[in-house]
Amino acid sequence: MSKQAATAGISDRESEILTLIGEHRSNAEIGAQLFISVRTVESHVSSLLRKLGAPDRRALAGLAGELVRAERTDQTLAGLPSPLTPFIGRANERSALRDAVSAHREVTAVGPGGVGKTRLALAVAADLAGDFPDGVWFVDLVPVTDPAMVDSAVAAALGLGEQHGRGIDDSVLAALADRRVLLVLDNCEHLADGVAPFLERLLERCPEVSVLATSRARLMVPFERVYSVPPLSLDEPGDDARNTGGAAGSPDAVALFVDRAAAVGWTVDDEDLDQVADVCRKLDGVALAIELAAARLPVLGLDGLVSGLSDHLRLLVGGYRADDRHRSVRAMLDWSQALLAGPDLTLLRRVSVFVSPFTASAAATVAGFSPLEPGHIADGLARLAEQSLLSVAASAGGTRYRALETIRQYGTEQLAGAGELNATRARHLRWCLSAASELAEDTSPTTGVWRARFDAVADDLRAALSWAAAQPGQRDDTHHLALSLAHLAFTRNLVGESQQRYEQAAALTDDAVRAAAALRWAANVAACRMRGDDAYRLWQAAADVAHRAGDTAAAARDLATTATTYFRKAGTFAQPPPRDEAIALVTRAGELAGDDLPAQAAVALAECTAQGYAFFADQTEAQTGAPAMTALAERAVELAHRLGDPVAEGAALHAMTGAQRRAGDTFAAAATARRRVELLQSVPVTPDSADELIDALTIATATSIGVGDLPSARRWSRQLRDLPLLAEVGHIATSQLIMADALAGYGNDVIASSGQFLDGWTQAGRPRGHTFGPVAAAVAMIHGLCGDEAARAEWLAVVDQLGVSDADRSGYAPTFDAITLLHHGQATLALERLDTRSGEANLWRLGILLHWHVALRAEAAVLAGHPDAGDHLAAARPIVGENPVANAILDRAAALLNDDRERLLATAIAFEAAGCPYQQARTLILAGPDTAPAGNDALINLGFTRVDAAG
């Protein structure tokens, strides 16, 4: 809660409501999001008007905006690390760099290692926080060793995951497209090949984003503004400084030395300031060198420091003012190294192979070989930390150590000079393999603890893999590490990296069986990512590897799966190959299958999928009729069942569901879809099963809605929403749940989910896609029932933005519109909307809402007093079959037609049993004044407006 809000006596709950008012949310939307009743919201709004002295809701929204803006300055700092030591001096540099960032979209602060680029950038970012309402974010690129992982590092810093159907790069750009943020990219020099193209795309597609980068060299990107970070000021302290005591008025370099000396318990007296200034000049004002020197004071004292440092620097750099100021840092490190005991020196260079903070146990494993004893590592780390050569931080997994990047690079050079680089990296590789194995064996991989454990070692796994991939003698271990990282990345929901690592694992082995297996995993991950082109390519690559190895049965399976991918994932191809090519793959797979059961099952599935695609894609009568398609599907299911592979059987059941829909047997299709979900729920979520499970839950929800099984539809859709793989894609995760909740009548829940849908769709770049048309139309219907015509119009506009054709809309728009019109007592208009023209009312145009359509049309005819109302009722009965909701609607219509109040009230009980509270409430209202109040109370609790009994 902001200080302003607290001053006004506003509670935490009122602060939440005030924020939502500032976002122009209705009371119903606020109640839904905060899980409180609309009446409670109204009470809090009245209290806010009184406490803030606002005359009306519009003024309250304006005040909310002011308070939110005031809070954002503090919130934006959440993306920056908190320095452990104070920032000293640099007032001029701070102002100049701040002005540069304010005036230019990309500024690179350049300078040698240790000069203080990072600390200056952090200070400037904090200064500018108020100018960037969507946050300032720090991206530490030190642990990143692969230029291709720059976008992943940015995503991790922003708390973003990969969007379904797009790579992590596009996901980041979509998330930042309309946000005003400042990104601080720290230590870019070793990743220039990755940073430069990322920045070009970012600056082009995200016009409100600014970037402050630090690097030892400019990045050579368009619009780059370079700011050279100078050393700390070395000017002689003036008289004011001498007379005021301490370091007041001293040059920045001296002030930094005095502050860091105080941190280690050493007070610099006034008479020593000239001597300190001399030390700082010898170190060329380089911040890191000064800090390291100050850390030596407790051991050497100021005189010892001056004496030892002077001799060492003259020996190494030939004077005090070398042109390359980075040599001052190297000299300081060389001198620090000379003062270390032998074991500590060895330890420092060996732990330089860690790119992320590491534990003492990890250091003992990697660095604990002759002449070091593993049991002495912890003491050595403590001594290095005491001398500021390592930083120390507490974490959930215990104390962790880390070397600054400059010290780490220095240590790596020393490691190579000592001839220990390959041996230490090999031990680091084995440690990474062990760490990956422990993570893979964890029984709770979806918990926050597991994710934190993975994140703590992920950069080291990547670094070890990058090194080992170039070592011919490490090929086997490298393959295993790539495979392990692929598995772990998938579990961590880094599916783009997972696919990349599987492909890398395939390239790192000469074993055809291993290579083909890795390619198949990669193909399955590509399918999860909605990358049809990649999945198609990778299945073909697996088939090629298997065929070259002489495994024709495996090649047949892979070719058949390639074809199945083409037909099932047709909408996810950027550039689909010709259909004839996919048909040829099925033929070739059949020729190679022989009597191999898995190959035969795969070919049968491909044949069935191809026929189903031909019908559903064209919505025309294909050569293969419904009985033949059903026979093909039954054969595919039977063969897959004999395999004992739930995933293969689930894929075959998908084909069976399509065949049953083709035959018009909606209830059989729903039963098959339910069987498929139940089969796959017992299977762990892996690259092999994840996409199949997502599809199964989607189809099970849709078919359950179609047959009026709303409790099952809501259950399946909630499971779909909660899948970790969809955590970053709110529009996909919530789409089916919105449909199920809307038709059941849970208005508050729909409004809450619609925000997540809209956020996810917006972050994904608002892609066009007719499959989301029913979702937007369902949300529009709910707003119509709430009486919010403005919000209804906004969601109907979303339907337009999705690029939905009139033919596609005809399958659901009349039904949703009719529910809204009937709610407001406009039965004649509802009947006109539901009056399907000749040739339009087929199973494929009306889709899953056919039963709802014909039942509501009969009721509209009754309420409108249409002379053919009885005929509509009679015609609808055989179509709806055993659909409990549609039958209850027809029973209610019949009761209204015959003025049978007892039968009418019985339908309210039927709606309750069917999990449809909206229609239950509406029935009570239609039953007359005795029950209408209870019906209206139920409507209000669901988030809707009151209606009169005549409605």
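Computed from a predicted structure; not experimentally measured.
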Leu292 side chain reached by Leu389 side chain, heavy atoms, under 4.5 Å: yes
His190 (side chain) donor-acceptor with Leu141 (main chain) under 3.5 angstrom: yes
Distance-only polar pair, side chains of Arg119 and Thr85, donor-acceptor under 3.5 Å: yes
Arg537 and Gln540: CA distance, side-chain angles, deciding distance, side-chain hydrogen bond (donor to acceptor under 3.5 Å, both in side chains) verdict: CA-CA 5 Å; Arg537 167 181 60 83; Gln540 281 191 301; over 6 Å; no
Taking every non-hydrogen atom, the tightest pair across Ala294 and Val264: O-CG2, 3.8 Å
Derivation of the side chain to side chain contact (heavy atoms under 4.5 Å, CB included) call for Val229 and Arg90: CA-CA 10 Å; Val229 179; Arg90 290 199 184 276; 4.1 Å; yes
Backbone N/O of Ala515 and side chain of His479: donor-acceptor pair under 3.5 Å: no
For the student: nearest non-hydrogen atoms of Glu189 and Ser215, plus distance: OE1-CA, 3.3 Å
Over all atoms of both residues, closest heavy-atom pair of Lys117 and Val110: CD-C, 3.7 Å
Side chain to side chain, Val279 and Phe257, heavy atoms closer than 4.5 Å: yes
Between CG on residue Asp193 and CG on residue Leu219, distance to nearest 0.5 Å: 11.0 Å
Pair Tyr502-Leu483, side chain to side chain contact (heavy atoms under 4.5 Å, CB included): steps then yes or no: CA-CA 6 Å; Tyr502 280 126; Leu483 206 59; 3.8 Å; yes
Point-to-point distance, once rounded to the nearest 0.5 Å, from CG of Asp379 to CG of Leu384: 11.0 Å
Qualifying residues under salt bridge (Lys or Arg N to Asp or Glu O under 4.0 Å), relative to Asp146, sequence neighbours excluded: none
Side chain to side chain contact (heavy atoms under 4.5 Å, CB included) assessment of Asn524 paired with Trp539: CA-CA 9 Å; Asn524 279 314; Trp539 280 114; 3.7 Å; yes
Exercise: identify the closest heavy-atom pair between Ser152 and Ile168: OG-CG2, 3.7 Å
Trace of the salt bridge (Lys or Arg N to Asp or Glu O under 4.0 Å) decision for Asp558 with Arg520: CA-CA 8 Å; Asp558 294 335; Arg520 292 177 192 121; 2.9 Å; yes
Residue pair Glu503 / Gln499, side-chain donor-acceptor N/O under 3.5 Å: yes
Side chain proximity check, Trp450 to Leu488, heavy atoms < 4.5 angstrom: yes
By salt bridge (Lys or Arg N to Asp or Glu O under 4.0 Å) - contacts of Arg453 (at least two apart): Asp442
Pairwise distance CG(Leu390) to CD1(Ile407) - rounded to 0.5 angstrom: 7.5 Å
Residues Asp140, Arg402: salt bridge by 4.0 Å N-O rule: yes
Side chain proximity check, Leu421 to Trp467, heavy atoms < 4.5 angstrom: no
Sub-4.5 Å side-chain heavy-atom contact between Leu485 and Gln504: no
Short N-O contact, Arg492 and Glu497, less than 4.0 angstrom: no
Exam field: side chain Arg400 to backbone Pro357, donor-acceptor pair closer than 3.5 Å: yes
For Cys528 against Ala690, the heavy-atom pair lying closest together: SG-CB, 3.7 Å
Charged N-O contact under 4.0 Å between Asp278 and Lys282: yes
Expected output: side-chain Thr346 to main-chain Gly342 donor-acceptor under 3.5 Å: yes
Check: Arg475 and Thr509 side chains under 4.5 Å, non-hydrogen atoms: no
Within 45° cone of Phe490 ring axis and under 6.0 Å: Arg501 NZ or CZ: no
Any Phe369 side-chain heavy atom under 4.5 Å of Thr424 side chain: yes
Inter-residue atom distance Phe454.CZ - Leu494.CG, 0.5 Å rounding: 5.5 Å
Ring centroid separation Trp431 to Phe354 under 6.0 Å: yes
Residue pair Leu381 / Phe358, side-chain heavy-atom distance below 4.5 Å: yes
Between CG on residue Leu183 and CG on residue Leu202, distance to nearest 0.5 Å: 6.0 Å
Whether Asn493 side chain and Pro724 backbone form a donor-acceptor pair below 3.5 Å: yes
Separation of Leu212 CG from Thr108 OG1 (nearest 0.5 Å): 8.0 Å
Set of residues satisfying salt bridge (Lys or Arg N to Asp or Glu O under 4.0 Å) with respect to Glu106, sequence neighbours excluded: none
Smallest separation among heavy atoms of Thr365 and Arg427, with atom names: O-NH2, 2.9 Å
